[in-house]
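Throughout, protein chains are lettered first and strands after them, A, B, ... in sequence-line order, and every chain is numbered starting at 1. Please read these numbers as outputs of a predicted model, since none were measured by experiment.
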Protein chains: 2
Amino acid sequence: MKENTKKPSIDDIAKSLGVSKTLVSMVINNKTEKYGISEKTRKRVEEKIAELGFMPNKAARRLRTGKSFLIGVIVPDISNPFYSKIIRIIEDKAQLDGYNPMICSSDEDSEKELNLIKMLMDSQQVDGLILSSTLDNAAKLDFITKRGFPCVLIDRVLSGSNMPSVSVDNEQAAYTATESMIKSGCKTIALLTISPGYISTIKERKQGFARALEVHGLSFTEKNVIEIPFQDIKNSVYENLDTLLKKNKIDGLFAANNNIALACMEYFSEKKLKVPEQLKFISFDDIDVFRFSAPTISAVEQPVEEIGSWSFKVLKDLLENGTNAPNKAKISLPTRFIKRKSG
Amino acid sequence: MKENTKKPSIDDIAKSLGVSKTLVSMVINNKTEKYGISEKTRKRVEEKIAELGFMPNKAARRLRTGKSFLIGVIVPDISNPFYSKIIRIIEDKAQLDGYNPMICSSDEDSEKELNLIKMLMDSQQVDGLILSSTLDNAAKLDFITKRGFPCVLIDRVLSGSNMPSVSVDNEQAAYTATESMIKSGCKTIALLTISPGYISTIKERKQGFARALEVHGLSFTEKNVIEIPFQDIKNSVYENLDTLLKKNKIDGLFAANNNIALACMEYFSEKKLKVPEQLKFISFDDIDVFRFSAPTISAVEQPVEEIGSWSFKVLKDLLENGTNAPNKAKISLPTRFIKRKSG
DNA sequence: ATGAAAGCGCTAACAA
DNA sequence: TTGTTAGCGCTTTCAT
């Protein structure tokens with residue numbers, strides 16, 4: 001039993017009131033003051049709008065104005081709590097300014113990411129982009145910059161890119177975390193990191209790790225670093241830990257992100273490995289698990305709320321003031337190393 | 001140094017090839033066969049499209065066809081892992097059929113939810129809706145049904161609603177979980193649940209809890225149930241646990257969702273309460289934390305993947321075949337109680 | 001096998 | 001203070 005299936009248009013409002021749709025449009029867009037529309041007509045129109053439950057058709061508005069009030073958000077995986085928390089903040093902030101996010105997961109796949117970007121920019125006509133990029137090369141995003149399209153990089157930045165960004169100092173954070181392990185007595189520490197290794201956060205974490213070793217007189221070699229492929233974390237972690245531990249080579253382990261850490265923790269509990277007695281262990285990305293596990297896990301906490309709110313703030317600035325500002329914001333937020341029981 | 005700032009339109013393709021835009025449109029929409037367009041022209045058009053990197057403007061297409069290939073997804077909180085996992089699946093499935101999700105959080109706020117629904121339907125022109133509703137009354141969604149608008153309820157259903165739905169049998173799941181505690185020797189169990197209490201999942205969990213008590217000869221009274229307000233989980237959990245435990249009334253605790261469980265676990269660890277020795281504890285919604293915590297937490301696991309994939313499948317059916325099917329799909333998926341160390 | 005033209009709902013320049 | 005009109009980019013009906 002459908003009724004009134006067609007949504008009212010601006011024309012319906014105008015006709016039923018015997019006024020022009022210009023007028024209605026003005027009311028919708030709060031331009032009655034600007035054009036000197038009388039209080040009375042404004043009220044009449046507003047009442048009719050409420051009565052019919054009219055809402056402007058965004059497709060039409062987008063087509064006409066070229067502005068969509070949509071922002072594209074691309075992250076590697078929306079179900080990773082690190083990203084879903086950031087996204088939640090972006091959603092809230094965006095809404096306050098009338099923007100809606102279109103959220104997409106890139107699956108750490110460069111090609112997919114590029115397709116998503118094009119889809120969002122050219123098909124969905126988003127007004128701006130917030131991007132945690134998995135690309136290896138800043139040049140691949142040059143087409144965005146060339147178009148003067150508002151885009152802010154978050155979490156992962158691209159070296160050589162002149163896009164504004166919101167990130168943390170991964171190098172320093174990893175340095176501090178590693179140093180803490182060294183001070184607890186570790187002599188041979190392995191970093192379990194993720195491939196592709198060109199991702200800025202990963203690269204910086206590795207650098208900070210290496211610097212800490214060297215500063216503290218523990219020589220760093222590439223053997224200290226194991227790359228785990230994103231697509232097969234669990235198996236790869238198991239295999240590599242087997243090798244590392246059988247040869248009994250390491251007394252400390254640093255997981256470069258929360259996914260890897262969870263795989264390690266499964267390994268520990270399955271193999272009844274005692275942490276921190278047999279092996280000290282820390283991770284990047286603080287997640288709930290780390291506060292409650294046995295032992296609790298020391299980790300680098302990232303300011304997800306700030307990352308979220310700054311990323312929209314920076315994008316909004318681009319949206320309102322254009323992308324031609326001489327010095328683009330590059331925001332680096334502080335992290336915090338939370339020392340717990342694991343190492 | 002912007003270049004070529006304007007995106008190519010269907011007209012640009014047509015003009016540069018000296019053909020009509022009808023033709024180009026046909027090519028874009030794979031209708032060349034249908035209209036008997038020659039191979040050669042099709043190829044020519046396709047090449048030009050590739051050359052210019054043309055992508056059809058969705059706003060224009062939406063305006064013209066009335067179809068947006070957008071689906072609205074509303075959940076209480078996108079950063080809750082239970083929902084973000086479901087959403088990830090929906091995103092993937094939808095993409096395979098050319099749909100993009102617009103994801104929104106309702107914050108357990110009925111009014112906000114209703115506004116989001118209207119915004120998505122009337123402004124964004126989404127083609128369908130996937131809804132984990134926080135409403136108290138099926139009638140509030142009648143306007144959706146009356147319009148014949150495709151909408152599927154997930155996770156939470158509305159009693160008396162004739163919308164299709166994808167959910168789990170919360171009553172049975174809570175029954176089984178509670179029964180397990182009873183079998184472990186609990187005599188006085190409290191259910192820590194969430195308000196508003198009219199939400200179907202919450203109501204059913206309470207019913208299953210009550211039934212288990214009664215079936216096993218432990219009388220159920222409303223005193224066994226504590227409602228925690230969504231907005232202030234931590235404080236309220238702390239206060240209520242203080243009361244419950246000081247009077248030393250309970251030997252078992254059932255957290256009705258993962259948010260509440262986390263607050264309880266913080267309480268336990270802060271107050272050095274021994275679980276399960278001093279208090280047995282279980283939860284609804286299995287999350288990573290439960291597998292690694294000390295002790296590990298027994299919990300009801302919900303099939304998030306299936307919820308996600310079924311919800312899009314059901315919506316797709318509505319999208320393709322209309323909402324007039326006599327018997328709407330009401331899908332109930334199995335849960336699994338995972339017994340761990342906590343109770 | 002291809003083209004012309006109308007129109008989706010809206011905004012904005014211009015007219016009155 | 002209000003109305004007329006063109007046109008955003010696309011699909012689709014009707015012509016040819």
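Counting only heavy atoms from C-beta outward, the side chains of B/Ile154 and B/Ser165 never approach each other to under 4.5 Å.
Comparing C/dC8, C/dT11, C/dA1 by their closest approach to the side chain of A/Asn29 singles out C/dT11. For B/Tyr35, taking side-chain heavy atoms from C-beta onward, the closest of the listed nucleotides D/dT1, C/dG3, C/dT2 is C/dT2. Which of D/dT5, C/dT2, C/dC10 sits closest to the side chain of A/Phe54 comes down to C/dC10. Out of C/dT11, C/dG3, D/dC10, the shortest distance to the side chain of B/Met26 is found at C/dG3. Nearest to the side-chain atoms of B/Ser38 among the listed nucleotides D/dG9, C/dT2, D/dG3 stands C/dT2. The side chain of B/Ser9 sits closest to D/dC10 out of D/dC10, C/dC10, D/dT12. Taking only side-chain atoms of A/Arg64, from C-beta outward, the nucleotide of D/dT2, C/dC10, D/dT12 with the closest atom is C/dC10. Of all nucleotides listed (C/dC10, C/dG3, C/dT11), C/dG3 comes nearest to the side chain of B/Ser20.
Relative to the axis of its first five pairs, the axis of the last five pairs of the helix from C/dA1-D/dT16 to C/dA16-D/dT1 sits at 40°, rounded to 10 degrees.
The side chain of B/Asn57 contributes no N or O atom lying less than 4.0 Å from OP1 or OP2 of D/dC8. OP1 or OP2 of C/dT11 sits under 4.0 Å from a side-chain N or O of A/Arg61. Of the side-chain N and O atoms in A/Lys21, none sit less than 4.0 angstrom from OP1 or OP2 of D/dT2.
Protein atom CD of B/Gln124 is 15 Å distant from nucleotide atom C1' of C/dG9, rounded to whole Å. Here C/dC10 presents its C1' atom at 14 Å from CZ of A/Phe69, a figure rounded to the nearest Å. Rounded to a whole Å, the NZ atom of A/Lys15 is 13 Å from the P atom of D/dG3. In this entry the distance linking CD1 of B/Ile10 with P of C/dA5 reads 17 Å, nearest Å. Following rounding to the nearest Å, B/Glu39 (CD) and C/dT2 (C1') show an atom-to-atom distance of 16 Å. B/Leu63 places its CG atom 14 Å from the P atom of C/dG7, with the value rounded to the nearest Å. What separates NZ of B/Lys58 from P of C/dG9 is a distance of 20 Å, to the nearest Å. Regarding A/Arg62, its CZ atom lies at a distance of 13 Å from the C1' atom of C/dC10, rounded to whole Å.
A/Glu305 CD: 12 or fewer foreign heavy atoms inside a 6.0 Å radius. Residue-environment remark: NZ (A/Lys58) exceeds the threshold of 12 foreign heavy atoms within 6.0 Å. Sparse packing is recorded around CD of B/Glu33, with 12 or fewer heavy atoms of other residues, nucleotides or ligands lying under 6.0 Å away. Enclosure of atom NZ in A/Lys316 is not indicated, since only 12 or fewer non-hydrogen atoms of other residues, nucleotides or ligands lie within 6.0 angstrom.
At a cut-off of 3.5 angstrom, the base of C/dA12 holds no donor-acceptor pair with the side chain of A/Thr65.
Counting non-hydrogen atoms under 4.0 angstrom, B/Lys31 reaches the backbone sugars and phosphates but no base.
Here the closest non-hydrogen pair linking B/Ala138 and B/Ser159 is CB-O, 3.6 Å. Looking at every heavy atom in both residues, A/Ser20 comes nearest to A/Ala14 through C-CB, 3.7 Å. A pairwise comparison of heavy atoms in B/Ile78 and A/Ile87 identifies CD1-CG2, 3.9 Å as the closest pair.
Against DNA chain D, the stretch residues 40-47 of chain A makes heavy-atom approaches under 4.0 Å through A/Thr41.
One side chain, B/Thr41 or B/Ser38, offers a donor N or O that lies under 3.5 Å from an acceptor on the other.
Formation of a donor-acceptor pair under 3.5 Å by the A/Ser132 side chain with backbone atoms of A/Val75 is not found in this model.
When each of A/Met55 and B/Val19 is assigned the nucleotide of DNA chain C with its nearest heavy atom, B/Val19 is the one assigned upstream, toward the 5' end. When each of B/Ala60 and B/Leu23 is assigned the nucleotide of DNA chain C bearing its nearest heavy atom, the one mapping closer to the 5' terminus is B/Leu23.
To the nearest 0.5 Å, atom CZ of residue B/Phe149 and atom CG of residue B/Leu318 are 10.0 Å apart.
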